A.B. asks: 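I'd like to ask some things about the structure below.
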2 protein chains.
Amino acid sequence: MREALLAAGRATVQAHGYNALSFRNLADEVGIKSASVHYHFPTKGDLAAALARRYTEDGAAYLQQLLATSLDPVWCMARYVEIYREALVNDNRMCLVGMMSAELDDLPTEVRQEVEKFFAMNIAWLVRVLTLARPDADEKALADRALAILAAIEGAQLIARGRQDLAAYDRAIAAYRVAGLMP
Amino acid sequence: MREALLAAGRATVQAHGYNALSFRNLADEVGIKSASVHYHFPTKGDLAAALARRYTEDGAAYLQQLLATSLDPVWCMARYVEIYREALVNDNRMCLVGMMSAELDDLPTEVRQEVEKFFAMNIAWLVRVLTLARPDADEKALADRALAILAAIEGAQLIARGRQDLAAYDRAIAAYRVAGLMP
DNA sequence: ACCTGAACACCGTTCAAGT
DNA sequence: ACCTGAACACCGTTCAAGT
């Protein structure tokens, strides 16, 4: 039941955001009453924090697997931008944490901490990939570049979603490559 | 009164989003009853569409003024990134339309149209600025580059907001320049 | 022209009660 | 251990009524 709630909750947040996440709708989706959802997740903040934590865990596992498959930075980056593209393909959804970033002011502190952890995990992975491309590069410069790449990809996803135009995502990513922002 | 509602509504959406926009809170802020807000804006969608339209109008007027002041692309881009930076400085707020893009699935069609218009207006202005830097460049390449710059800036704002870290915005923008993404 | 109170079906949260 | 119904103060929307 807990897993069913997490699955339904993730889909809802990626499509409609934290504020649109409803205990009543969620309960209907999994076939229990809204008061019962509070048994598994006492507050909406607990649920959202669990969603973000699981999202980061799943993402970290997948990214680790990528680097275990190949140490080619171009290939790894291509797989990385595909992750964010898939969310758009999948019913114009957004990165769960990107969505929560927009709604940050409405999030309890425990959820904000998970938002921070997701970004830190992604940046650490991007630094590893960038290091493969430029092993001699300055550590701080790579960290800034990793942050910029993450921000640029999240932004491309946000704009493509706002315009309901998947091609806009592809064009933005292509322009990033042309400019030399990412491998 | 209409203007007071638009001002209060803009601040709320930039801080909390469309879903958190409440007729009752808005009414309290301007000193009327919630039912009276519906006299000025029949539905929440009408209010949101008016907010986005006004936001685009104000932005267009400011950007036009920039180009009337100087035709230096580096100076114009520096002023442009400052706009998005100011939103963060101002209580960690976000671009009103970037916020709405995240919440797109919850927006009525009339609001989505205004979201589209805002992006089109920004891209058109960026193409003009890029043309000043590279007058001989391919039209389509400039349009893609303009889209990429807009997306990258929106993303930098989103990530900086999510991390509650203004310096992250500055680092991302600096990295965009180092990579050669923007003038 | 502009505002109001009351009603409606929603929301998260709490709690005593069920199995 | 897990679920429920009922209550509370919220939400957008509608409408008849006021000035």
Side-chain angles (χ1 to χ4, degrees), chain A residues 1-54 96 99-100 102-112 114-115, chain B residues 1-54 96 99-100 102-112 114-115:
Chain A
M1 183 50 64
R2 198 186 138 88
E3 290 302 316
L5 289 168
L6 287 173
R10 178 189 290 205
T12 299
V13 173
Q14 287 194 248
H16 300 280
Y18 171 83
N19 284 317
L21 188 62
S22 151
F23 274 50
R24 283 177 172 81
N25 285 346
L26 214 55
D28 282 348
E29 286 186 52
V30 302
I32 57 175
K33 298 296 173 184
S34 77
S36 306
V37 179
H38 290 275
Y39 173 78
H40 300 279
F41 304 99
T43 69
K44 189 167 166 174
D46 292 320
L47 170 58
L51 287 173
R53 198 176 311 119
R54 178 65 66 88
L96 183 131
M99 180 70 87
M100 287 182 171
E103 298 173 297
L104 196 85
D105 284 13
D106 308 319
L107 303 180
T109 51
E110 67 266 26
V111 187
R112 296 186 188 195
E114 297 300 329
V115 167
Chain B
M1 182 51 65
R2 197 186 138 89
E3 289 303 316
L5 288 168
L6 285 173
R10 178 189 291 204
T12 299
V13 173
Q14 287 194 249
H16 300 281
Y18 170 82
N19 283 317
L21 187 63
S22 152
F23 273 50
R24 283 177 171 80
N25 285 346
L26 215 53
D28 281 348
E29 286 186 51
V30 303
I32 58 176
K33 299 297 172 182
S34 77
S36 306
V37 180
H38 289 275
Y39 173 79
H40 299 280
F41 304 99
T43 69
K44 190 167 167 175
D46 292 320
L47 170 58
L51 288 173
R53 198 175 311 121
R54 178 64 65 89
L96 182 130
M99 180 71 87
M100 287 183 171
E103 299 173 296
L104 196 85
D105 284 12
D106 308 318
L107 303 180
T109 51
E110 67 265 26
V111 187
R112 297 186 187 194
E114 297 301 329
V115 166

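Not measured: the values here are computed from a predicted model. In the text below, chain A, chain B and the rest are named by the order of the sequence lines, each starting its count at 1.
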A.B. asks: Any side-chain heavy atom of Met99(B) within less than 4.5 Å of one from Gln14(B)?
C.D. replies: no

A.B. asks: Of all the heavy-atom pairs spanning Pro108(A) and Gly45(A), show the shortest one and how long it is.
C.D. replies: CG-CA, 3.7 Å

A.B. asks: Step by step, work out the salt bridge (charged side-chain N to carboxylate O under 4.0 Å, His left out) result for Glu3(A) and Arg54(A).
C.D. replies: CA-CA 10 Å; Glu3(A) 290 302 316; Arg54(A) 178 65 66 88; 2.9 Å; yes

A.B. asks: Are Leu51(A) and Val111(A) packed together at the side-chain level, in the sense that at least one heavy-atom pair is separated by less than 4.5 angstrom?
C.D. replies: no

A.B. asks: To the nearest angstrom, how far is Leu26(A) atom CG from dT13(C) atom C1'?
C.D. replies: 15 Å

A.B. asks: For the side chain of Phe23(A), starting at C-beta, report the closest nucleotide among dC3(C), dG5(C), dT13(C).
C.D. replies: dT13(C)

A.B. asks: dC2(D) P sits how many Å from Tyr39(A) OH, rounded?
C.D. replies: 4 Å

A.B. asks: What's the CZ-P distance between Arg2(A) and dA1(D), to the nearest Å?
C.D. replies: 15 Å

A.B. asks: Which part of the nucleic acid, if any, lies within contact of Asn25(B), taking any heavy atom under 4.0 Å across all strands shown: a base, the sugar-phosphate backbone alone, or nothing?
C.D. replies: sugar-phosphate

A.B. asks: Tell which nucleotide pairs with dC10(D), taking only Watson-Crick or G-U wobble pairs whose two distances are both under 3.5 angstrom.
C.D. replies: none

A.B. asks: Taking atom C1' of dC11(D) as reference, at what distance in whole Å does atom NZ of Lys44(A) sit?
C.D. replies: 12 Å

A.B. asks: Does Ser36(B) place a side-chain N or O at less than 4.0 Å from the phosphate oxygens OP1/OP2 of dC2(C)?
C.D. replies: no

A.B. asks: Which nucleotide, dT14(D), dC11(D), dC3(D), lies nearest any side-chain atom of Ser22(B)?
C.D. replies: dC11(D)

A.B. asks: Rounded to the Å, how far apart are Lys33(A) NZ and dT19(C) P?
C.D. replies: 16 Å

A.B. asks: Out of dT13(D), dG5(C), dA7(D), which nucleotide sits closest to the side chain of Arg24(A)?
C.D. replies: dA7(D)

A.B. asks: For Asp28(B) and dA9(D), give me the distance from atom CG to atom C1', rounded to whole Å.
C.D. replies: 14 Å

A.B. asks: How long is the line joining CG of Asp46(A) and C1' of dG12(C), in whole Å?
C.D. replies: 13 Å

A.B. asks: Whole Å only: how far is the CG atom of Asp106(B) from the P atom of dC11(C)?
C.D. replies: 13 Å

A.B. asks: What's the gap between dC8(C) and dC11(D) when it is taken at their C1' atoms, as a whole Å value?
C.D. replies: 12 Å

A.B. asks: Using Watson-Crick or G-U wobble geometry with both distances below 3.5 Å, tell me the partner of dC2(C), or none.
C.D. replies: dG18(D)

A.B. asks: Nearest to the side chain of Ala35(A), which nucleotide is it out of dT4(D), dG12(D), dT13(D)?
C.D. replies: dT4(D)

A.B. asks: Within 45 degrees of the ring normal and closer than 6.0 Å to the centroid, is that where the cationic atom of Lys44(A) sits relative to Phe23(A)?
C.D. replies: no

A.B. asks: Contact class for Leu21(B) (heavy atom, under 4.0 Å): base, sugar-phosphate, or nothing?
C.D. replies: sugar-phosphate

A.B. asks: Just compare dT13(D), dT14(C), dC3(C) and give me whichever is closest to any side-chain atom of His38(B).
C.D. replies: dT13(D)

